[in-house]
Amino acid sequence: MKKSMTFPQGGVHPPEGKELSEHRDAKTAPFPARAIIPMSQHIGIPAECIVKTGDVIEEEQLIGKKAGFVSANIHSSVPGKVVEIKDVFLPNSIKTQAVVIEMEGSFSRSGKENEKQNWRELDSETIVEKITEAGIVGMGGATFPSHVKFTLPKGKVCETLIINGVECEPFLTSDHKLMLEESEGILEGIEILSQILSPRRVCIGIEMNKPDAIEKLDTLVKSKNLPFEVSSLKVKYPQGAEKNLVKAITGQEVPSGKLPLEVGAIIANVSTVFAVYEAVTLNRPVVERYVTVSGGAVAEPRTLKVRVGTPVKDLIEECGGLVEEPVKLISGGPMMGFTFYDLETPVTKGTSGILALTAKEVKAAEQSACLSCGRCIDGCPMGLNPTRLFKLLDHGKTSEAGDFGLLDCVECGSCAFMCPARIPLVHGFRVGKKILRSQQKKA
Amino acid sequence: MELKNIKISSSPQINHFLSTSRIMWIVSAALFPAGIWAIYQFGLNVLLVILVSVGTAALTEGLLELIFRQKNTLADGSAFLTGLLIAYNMPPHVPLFIPVVASFFAIFVVKWSFGGLGTNWMNPALAGRVFVFFSWTGGMTKWTLPMNGKMADTITGPTPLGSLKTGLLGMSDSITGPMDLLMSEGFPVSYADLFWGRIPGSIGEISAFLLLLGALVLFLLKIISWEIPVAYLGVFSVLIWIFGGLPFGQGAFTGDVLFHLLSGGLILGTFFMATDMVSSPVTKTGKLIFGAGCGFMTFLIRLYGSFPEGVSLAIIFMNIFVPLIDRFISPKRFGIENGGKA
């Protein structure tokens with residue numbers, strides 16, 4: 001086991017908050033009486049809805065068909081009747097069609113042991129086909145359709161397959177619990193990915209604040225004699241960001257504007273790997289995931305195994321309800337997650353956490369003028385100068401901001417987290433990037 | 001539970017506990033012990049100077065904001081801190097109109113006419129001090145001997161650096177360093193006196209110990225970083241060590257570094273004024289350059305200038321270069337060879 005690596009430049013140490021939920025075992029949440037299943041749970045083209053109101057459907061039935069290469073299938077997480085097809089707003093401010101299913105009838109799959117398929121004889125195309133069928137997306141939160149990522153472009157070789165078990169977002173313990181409870185499945189998932197990508201090196205990166213997960217996977221890898229490394233990484237945000245993780249593990253820098261594959265690296269989140277395992281060995285689509293329900297406003301924070309489409313309200317109830325009024329409801333982690341206000345908001349494939357944070361945890365303050373303290377520069381993992389970029393954008397000098405690396409910004413939030421003046425740096429960069437991209441398109 | 005106060009916001013959803021106002025108030029608090037020590041050493045008059053400086057700074061800022069219909073920013077602590085630093089740069093028995101003028105000048109001319117908090121290109125407190133120093137040099141250089149726990153009438157006397165400067169003019173051959181010279185001048189001090197603050201001087205500068213204690217708190221809270229102090233004190237010490245013995249007819253590499261580090265406003269200036277966020281560079285490399293420049297300038301003024309003390313002039317001189325430093329020093333960008341073009 002390799003010891004304590006990290007990326008060298010920038011990074012911040014937000015309060016971890018993981019102690020709230022990590023001491024409780026993961027528990028299966030009750031199935032939703034009314035599941036709300038959006039057709040857009042991924043980056044790319046929304047799935048095409050293939051059911052209509054009144055249809056009676058089975059558990060794990062295909063209800064949304066992938067509508068292009070960068071798109072993903074959507075399956076029903078519960079058996080029942082389609083009672084409504086309506087537009088919903090998701091926390092990432094996307095408006096999408098959603099199928100509302102009232103649960104009824106019997107479960108064809110849940111609680112039954114599925115026969116395990118032998119995948120070792122299958123060729124890569126068949127395996128990727130299974131991944132596509134199952135509607136797998138990047139389940140760390142990026143939700144990029146996995147079949148696209150796992151199809152190597154011609155001429156490209158995967159040197160290093162990095163399994164992302166970093167979970168650097170504060171409060172979240174969903175990957176942590178998954179690694180503890182499904183270690184065997186994760187390792188078999190990595191074997192499957194190794195078969196289709198044939199990497200020279202496989203590395204599982206986990207931060208040192210999860211010593212039990214490191215130990216468990218390391219022991220299992222050794223006892224099974226698998227050619228994987230388990231790397232224990234120093235705790236630093238945003239270690240789980242692709243480029244920083246590649247740097248921490250391989251020492252290589254992904255060039256500006258390129259994908260990790262440029263240096264031969266492919267990164268997959270542990271939850272994604274587990275979904276691959278379930279899809280390929282059990283023919284099971286993505287209808288369930290681990291979700292951390294936490295924050296100071298939640299009575300008993302814990303990680304739950306949740307059906308996609310379950311309203312947030314049910315999860316908070318399952319965790320004892322709210323003990324104090326939260327100031328923010330967040331889908332995802334506090335550094336990159338999205339706020340929402342509607343407790344009917346459903347869990348989707350990319351929902352790693354639901355947080356109800358108190359004012360004390362948020363630490364908002366009145367915005368002031370920039371003090372030029374440079375804390376944003378010290379925090380930026382991409383070596384950017386956020387205060388300068390923000391001032392340029394503020395003055396309408398978008399293309400000049402581009403020259404100073406605006407498009408390298410990964411929106412990790414380190415700069416704005418540190419900013420004592422509480423300047424909305426990341427928000428400015430998000431808008432600036434959009435303007436810059438549209439200007440570049442026109443040119 | 002009904003959710004009435006839910007906020008919708010762009011990520012990140014949480015912040016570091018240090019906000020602008022927290023930083024200003026913590027820095028002010030870190031300066032407090034040195035102020036209390038000054039009251040003990042020089043009497044209650046010190047408290048009056050502090051109140052007058054802080055009051056004028058706050059009043060000036062508040063009135064300007066009222067007149068120009070801007071949001072009241074007194075709660076952010078920045079004007080308070082400026083006033084406090086001005087008081088700390090005053091002799092204990094300064095005529096009270098001097099800190100009033102200094103605070104007004106600092107807030108109105110240096111801070112406000114350049115756009116307020118964050119846009120002043122020079123440290124307001126230092127600029128205020130330098131302004132009154134050149135305008136009323138007499139009032140600004142009348143020092144009081146410390147009481148050291150005895151109740152006594154106010155006696156005036158020179159600061160160690162001041163008597164060094166005058167003593168050097170007519171010095172006998174037997175003198176080999178600043179400590180000797182002060183002894184012959186009739187104002188003997190020990191390193192311990194300098195360290196604990198049993199010397200005459202400006203209100204806030206005398207106790208190196210209490211200032212370092214405050215600075216340690218700022219270090220631990222990461223409000224100040226090591227670059228500026230280390231570069232400042234490092235360059236200054238090396239230069240003093242090399243050249244500091246020459247005025248006493250000694251060879252190179254015989255300078256009394258400890259004496260110079262502990263006397264005058266060096267500790268106060270290094271940790272509390274050179275590190276001022278607004279008027280120092282943003283990058284680590286920039287901070288090193290800035291600190292080194294401050295060290296060099298302080299050395300030049302102290303050894304070869306006509307003033308005994310060079311810290312405030314050195315820092316505001318280097319403040320002028322900050323925009324230039326920030327323009328040309330950029331962090332090393334990720335994924336770009338040679339750190340990128342910009």
Side-chain angles (χ1 to χ4, degrees), chain A residues 9 12 14 170 243 247 253-256 258 321-322 325-330 334-341 343 355 357 361-366 368-375 377-378 380-385 387 403-405 408 411 413 416-422 424 426-427 430, chain B residues 1-24 71 73 75-76 78 115-121 222-225 227 275-284 286-287 322-323 326-327 329-337 339-342:
Chain A
Q9 191 182 10
V12 296
K243 290 186 173 183
K247 175 79 179 177
E253 279 189 17
V254 180
S256 166
K258 305 280 190 205
L322 296 173
E325 193 172 352
V327 291
K328 281 186 183 181
L329 288 173
I330 300 162
M335 294 297 283
M336 291 185 76
F338 305 95
T339 46
F340 62 96
Y341 59 91
L343 289 174
L355 307 177
L357 299 188
E361 289 166 325
V362 168
K363 300 190 180 68
E366 208 169 327
S368 82
C370 172
L371 299 177
S372 307
C373 62
R375 292 160 81 84
I377 300 174
D378 296 343
C380 181
M382 302 310 287
L384 301 175
N385 186 333
T387 170
D403 295 341
F404 283 105
D408 281 351
E411 299 172 23
F417 167 75
M418 291 305 290
C419 181
R422 303 291 190 259
V426 176
H427 190 72
R430 215 173 267 142
Chain B
M1 180 177 295
E2 226 178 310
L3 300 173
K4 280 184 191 153
N5 297 309
I6 290 291
K7 288 189 178 66
I8 297 299
S9 54
S10 189
S11 68
Q13 311 297 352
I14 53 173
N15 281 113
H16 194 272
F17 76 96
L18 286 177
S19 58
T20 300
S21 57
R22 279 239 170 101
I23 289 177
M24 298 295 173
K71 201 174 67 182
T73 57
D76 74 13
S78 143
L117 180 65
T119 46
N120 49 283
W121 53 283
K222 293 186 179 161
I223 289 175
I224 59 177
S225 58
E227 287 88 0
T275 52
D276 169 41
M277 292 169 172
V278 178
S279 52
S280 66
V282 287
T283 58
K284 287 184 161 54
K287 285 175 177 153
V322 169
D326 278 345
R327 191 172 188 89
I329 307 287
S330 282
K332 190 218 154 285
R333 277 177 59 189
F334 186 99
I336 288 195
E337 293 203 18
K341 57 178 169 173

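Here is how names work: the chains are called A, B, and so on, in the same order as the sequence lines, proteins then strands, and each is numbered from 1.
With respect to chain B, the highest number of heavy-atom pairs below 4.5 Å among Gly337(A), Ala365(A), Gly321(A) belongs to Gly337(A). Of the listed residues Pro420(A), Cys419(A), Pro255(A), Pro424(A), the one with more heavy-atom pairs under 4.5 angstrom with chain B than any other is Pro420(A). Looking only at heavy-atom pairs under 4.5 Å with chain B, the residue among Ala421(A), Ser256(A), Cys380(A) that has the most is Ser256(A). Between chain B and the residues Gly405(A), Ser372(A), Ala416(A), the most heavy-atom pairs under 4.5 angstrom are made by Ser372(A). Among the candidates Arg375(A), Lys258(A), Met418(A), the residue making the largest number of heavy-atom pairs closer than 4.5 Å to chain B is Arg375(A).
For Cys373(A), the parts lying near chain B are the backbone and the side chain together; criterion is any non-hydrogen pair under 4.5 Å. Within the 4.5 angstrom heavy-atom criterion, only backbone atoms of Phe338(A) (N, CA, C, O) approach chain B. Both the backbone and the side chain of Leu18(B) come within contact range of chain A, each with at least one heavy atom under 4.5 Å from a heavy atom of that chain. Heavy atoms of Pro381(A) lying under 4.5 Å from chain B belong exclusively to its backbone. Interface remark: Asp76(B) contributes no atoms to any contact with chain A (heavy atom separation under 4.5 Å). In this structure, chain A has a heavy atom under 4.5 Å from the backbone of Asp326(B), while its side chain stays farther away. Looking at Ile330(A), the atoms closer than 4.5 Å to chain B (heavy atoms on both sides) all sit in the side chain, from C-beta outward. Heavy atoms closer than 4.5 Å to chain B are found in the side chain of Gln9(A), but not in its backbone. In this structure, the portion of Ser280(B) lying under 4.5 Å from any heavy atom of chain A is its backbone and not its side chain.
With contacts defined as side-chain heavy-atom distances shorter than 4.5 Å, the pair Met24(B)/Leu371(A) qualifies. Between Val426(A) and Pro12(B), the closest side-chain pair of non-hydrogen atoms falls below 4.5 Å. The shortest side-chain heavy-atom distance between Ile14(B) and Pro170(A) falls under the 4.5 Å cut-off. Counting heavy atoms from C-beta on, the side chains of Met277(B) and Ile223(B) come closer than 4.5 Å.
Residues passing the salt bridge (charged side-chain N to carboxylate O under 4.0 Å, His left out) test with Lys247(A) are Glu253(A), sequence neighbours excluded. When the side-chain contact (heavy atoms from CB on, under 4.5 Å) test is applied to Ser9(B), the partners found at least two apart in sequence or on another chain are Lys328(A), Thr339(A), Gln13(B).
Atom CZ of residue Arg422(A) and atom NZ of residue Lys363(A) lie 9.0 Å apart, to the nearest 0.5 angstrom.
A distance-only check finds a donor-acceptor pair linking the side chain of Arg22(B) to the backbone of Phe17(B) [under 3.5 Å].
In terms of heavy atoms, Pro334(A) sits closest to Leu357(A) at CB-CD1, 4.3 Å.
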